[in-house]
Amino acid sequence: MLTIGCHLSSSKGFLAMGKEAVKIGANTFQFFTRNPRGGKAKELDLSDIEAYLEYAGEHGIGKILAHAPYTLNACAKDPDLRRFAYDTMCDDLRRLQYIPQAMYNFHPGSHVKQGVEQGVSYISDLLNRIGGQGGQTTILLETMAGKGTEMGRSFEELSVIIDNVEEKSRLGVCLDTCHVFDGGYDIVGSLDEILGEFDCIIGLDRLKAVHLNDSKHGLGSHKDRHEKIGEGQIGLETFVKIVTHPKLRELPFYLETPNDLDGYQREIALLRERAEIEKT
Ligand code: FE
Ligand code: FE
Ligand code: ZN
């Protein structure tokens, strides 16, 4: 069975997210660890987490995905900003120890004219300093669209970052379909070739999650504007190929499309239905 969900608001806590997920036919979900623009996280509510874990067990919600605030910049020029990214990630990881099934996804950052090499070095340095503090949590670098000086725009960039991290047993990649398409990888015309490239450069064993987003703009546009599934430049058939692909179908999939809960419910139902049909 497909593991699929969407991004949910974490404002009402974990049990509320679990119930919302089940209501819309999801068996996983993604959430921001705190206000996506950064700032202080809410106190952990251990009774909420306990209730959530029980509910998740009963309803077949397995791996979920925590998303770091997207304003963090692990490769900022200002050491205070890099420090802030490190402190926030450590705090997030400490909190995630209470949710054993969670993985932790972050945007590698923007090098802002310092150059890719400096960016790589700051990001891998941060991951090295985090070291074992993540406990059991797998940390994922997200593939980015390459807007401005965004890092992670190519498989090579991610691979160099990973290569420079000493302890990489709990390091992985989250592939965002809109971002890679926007970054110039033609997943519509050559999905198998792109996956082959990913395998050669990073290794498919590092791929731990997929963000399912259609793209408002065309191949290689570096704009990063998500669109509803089937309403953008990627198109429904490619998403059906992705969720049924032998090398991808066991992964958890997360919708980050511009939708309300009803819209997410429809996209989940559609992809589940198409995945069932492809099986037969
Ligand atoms: Fe993201
Ligand atoms: Fe994403
Ligand atoms: Zn995006």
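The structure displayed is predicted, hence computed values, not measured ones. Indexing begins at 1, ligand by ligand and atom by atom, following the structure's order.
With respect to the salt-bridge test (charged N to carboxylate O, under 4.0 angstrom), the residues Arg274 and Glu237 qualify. A salt bridge is defined here as a Lys NZ or Arg NE, NH1 or NH2 lying under 4.0 Å from an Asp or Glu carboxylate O, and Asp91 with Arg94 meets this definition. Salt bridge Asp125/Arg82: absent, no basic N to carboxylate O contact under 4.0 Å. A salt bridge links Lys279 with Glu276: at least one charged nitrogen is closer than 4.0 Å to a carboxylate oxygen.
The side chain to side chain contact (heavy atoms under 4.5 Å, CB included) with Phe239 is formed by just one residue from the set Thr244, Thr177, Asn213; it is Thr177.
Looking at His226, its N, O or S atom nearest to the Zn ion (ligand 3) turns out to be NE2.
Panel detail: the Fe ion (ligand 1) has protein N, O or S atoms under 2.8 Å away, 3 in number.
Looking only at distances, a side-chain donor or acceptor of His179 sits under 3.5 Å from a matching main-chain atom of Thr143.
In Glu166, the CD atom is not crowded: 12 or fewer heavy atoms of neighbouring residues, nucleotides or ligands sit closer than 6.0 Å.
Around the Zn ion (ligand 3), the angle linking His179 (NE2) with Asp224 (OD1) is 90°, rounded to 10 degrees.
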